[in-house]
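Everything below concerns the one structure shown next.
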Amino acid sequence: MLIPLKYNLRHLVARWKTTLVAGVTFGLVIATFIIVMSLARGVEQALTTTGNPLNVIILRPGVESESQSQVAKDMYQTIRNYGGIAKDETGEPLASPEVLTLVNKPRATDGKASNVQIRGMHPLSLKIHPALRLVSGRMFTPGLREAVVSKRIAERFQGLKLGERTRLGRGEWTIVGVFDAQGTAFDSEIWADYQEVMQEFDRDAYSSVLVRAVDRAAVGSLKTLVEEDRRVKLTAKSEQLYYEEQTKTAKPIKAFAVFLAAIMAVGASFAGMNTMYSRVANRSREIGTLRVLGFTPMAVLASFLIESVLLALCGGIVGCLLALPINGLATGTTNFATFSEVVFYFAITPGLMLQGMAFAVAMGLAGGFFPAWAASRQTALTALRQL
Amino acid sequence: MPGSDGKPVIEIRGLQKVFAHGDTEVAALENIDIDIHQGEFVCLMGPSGSGKSTLLHLIAGLDNPTGGQCRVLGQELSDMSERDLSRWRNEHIGFIFQSFNLIPVLTAYENVEMPLLLTGLSRKERGEHIEAALGIVGLSDRLTHYPRQLSGGQEQRVAIARALVADPDLVLADEPTGDLDAKSAEEVLTILRKLNQDYGKTIIMVTHDPKASGYATVTRHLDKGQMLPL
Ligand SMILES: Nc1ncnc2c1ncn2[C@@H]1O[C@H](COP(=O)(O)OP(=O)(O)OP(=O)(O)O)[C@@H](O)[C@H]1O
Ligand SMILES: [Mg+2]
């Protein structure tokens, strides 16, 4: 039979100062855990939602990202004539040569420079990426040093606002449009005409060729076509798979989250243990009384363990409250596959908060066990004799 | 029912309790023989350190004797585990402390309810028992008061209600009036006598107060761990 929960709840309120201190200690750990986890989630989210199942990226075999790949100019002609590629209303095959490179731009917040990815593309590329919408300005004009940037990049970096002239490579470029790629990886890019980008950055080969297949079946057959074509010696990947593979960027962040949380959790558990030891010591006479009334050592153990978990849950709530304000905030991190910045939103989801709570329970159990055990091992008389 | 056939509810033979104090040993109780019968109100007196509390603790199964026999309600307590002793105490013993030992975060009602939580009684049945017990000690109007909102005498009366609420066979009280003023002490003693006379409870009360023995049916004296003859 258990000692009623209200006994613990009243004690948490009665000793509200130590409850508060423990709550904040646990809260900081759980907030950190939730925030770093949401960072990992955000990166994953940005990368996994990017791929379109009908899009196929053709690139050099053995490379991890488009930016490391090279596709010779004349191969583009071969590729765009493959069967299974969708065509636009004028009969043009939806195949865009893409050129990727990095520019170093100062951040709007602290002025520190960071890499941003520039994607040179065929104007047709917009039709291959229907999720992308221009929110202001217009598309770049082929043959001119014009670029469009994602809304988030425009906000995060200096000199990339609509209408501004900025140095990309050697020359001055004009930002003529701002687009919204709806949380996908393209939200971290600057887009411009591929020929202009190649000139500016002295490129004589494309990075990859993006094509739109007519249907699902054509995705597979295009892949086979590319890989069996001895002339091109290239490989093909569905865009979805390509971005899924890029989510390994999130893995070190997740590992870091777990590592950081583990270290902090050990600290917080010790703090919790300390609090619980002092609670046990302060309530020694009550423990003795409960034992005289007939509560078993097990009931005493359970009661203090529960109190420790309740204490940690208070911390869990504090942690969620601390983490919530960053929900929806945009931030960036380095994509380790491309070494450019990935921009994404923090999402403090209910699932993540639940994980934080579960984490709190674990800390409460860890920190509470030894004090609760000590409380239950005392005989009624020893407990009663303490003052 | 133990004791109803004339057999004593408590049978103590050659009981011994020695505490080890580092190298030296302190014999708190030596060769105690005593029988206590159903319906007796025993007053246990003696100088400080004579072993009164120790004897009470052995009877309540809160400590183990180092020798002799201690049969309480037909049970040899030294054979029982901590867990079984806990359950046994809950069923058969009501304990009253000198310093009340109410749980400060629980109301009078909730304090009295504690022993009942270990029984199978429903919430409603518990309520009836609690109100009856608090009625006996004259505190029906203090159900929702916390211990700090009560006087010492009232606290001790709540503690008595807690000791009797589960209808124990034995009520053990260790200097129940020790921390009380004369008037509150008298109230407490009157309640204990009522429990004995009107409800037939067997009571063992340790006290220093010579007046208190007037409320009991039997008075026994301990000195230096020995029971003085009647
Ligand atoms: N846990 C213990 N460890 C060592 N010695 C103890 C312990 N408990 C009691 N004693 C000793 O046993 C003897 C009897 O103690 P006990 O508490 O039974 O006396 P008492 O008659 O209740 O005294 P008082 O009237 O002061 O309460 C004392 O000498 C005491 O020092
Ligand atoms: Mg004593």
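Quick caveat: nothing in here was measured; it's all calculated off a predicted structure. All chains are named by letter (A, B, ...) in the order of the sequence lines, taking the proteins before the strands, and each is independently numbered beginning at 1.
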Here the gap from I3(A) atom CD1 to M114(B) atom CE, rounded to the nearest 0.5 Å, amounts to 6.0 Å

When the 4.5 angstrom heavy-atom criterion is applied to L290(A) and chain B, the contacting part is side chain

To the nearest 0.5 Å, atom CG of L381(A) lies from atom NE2 of H57(B) at 5.0 Å

Of the listed A166(B), P115(B), G61(B), S86(B), the one with the largest count of heavy-atom pairs under 4.5 Å with chain A is S86(B)

Ranking R10(A), E286(A), R283(A), R291(A) by heavy-atom pairs under 4.5 Å to chain B gives rank one to R10(A)

Under 4.5 Å to a heavy atom of chain A? For Y146(B) that would be side chain

Between the CZ atom in F95(B) and the CG atom in L384(A), the distance rounded to the nearest 0.5 Å is 8.0 Å

When the 4.5 angstrom heavy-atom criterion is applied to E110(B) and chain A, the contacting part is side chain

Closest heavy-atom pair, L106(B) versus Y7(A), reported as atoms and distance to 0.1 Å, is CD2-CA, 4.3 Å

Is a side-chain N or O of N90(B) found less than 3.5 angstrom from the main chain of L293(A), in a donor-acceptor match?
yes

Answer key: most heavy-atom pairs under 4.5 Å with chain A among E91(B), R162(B), R87(B), R83(B) is R162(B)

Atom NZ of residue position K194(B) - does it have more than 12 heavy atoms of other residues, nucleotides or ligands inside 6.0 Å? yes

The interface call for S53(B) against chain A, heavy-atom contacts under 4.5 Å, is neither

Looking only at L102(B), L117(B), I93(B), most heavy-atom pairs under 4.5 Å shared with chain A are made by L117(B)

Just checking, any donor-acceptor pair under 3.5 angstrom between side chains of S99(B) and R285(A)?
yes

Counting distance only, does the side-chain N/O of R89(B) pair as donor-acceptor with the main-chain N or O of G294(A) below 3.5 Å? no

field: side-chain contact (heavy atoms from CB on, under 4.5 Å) assessment of T379(A) paired with L62(B)
entry: CA-CA 8 Å; T379(A) 68; L62(B) 291 169; over 6 Å; no

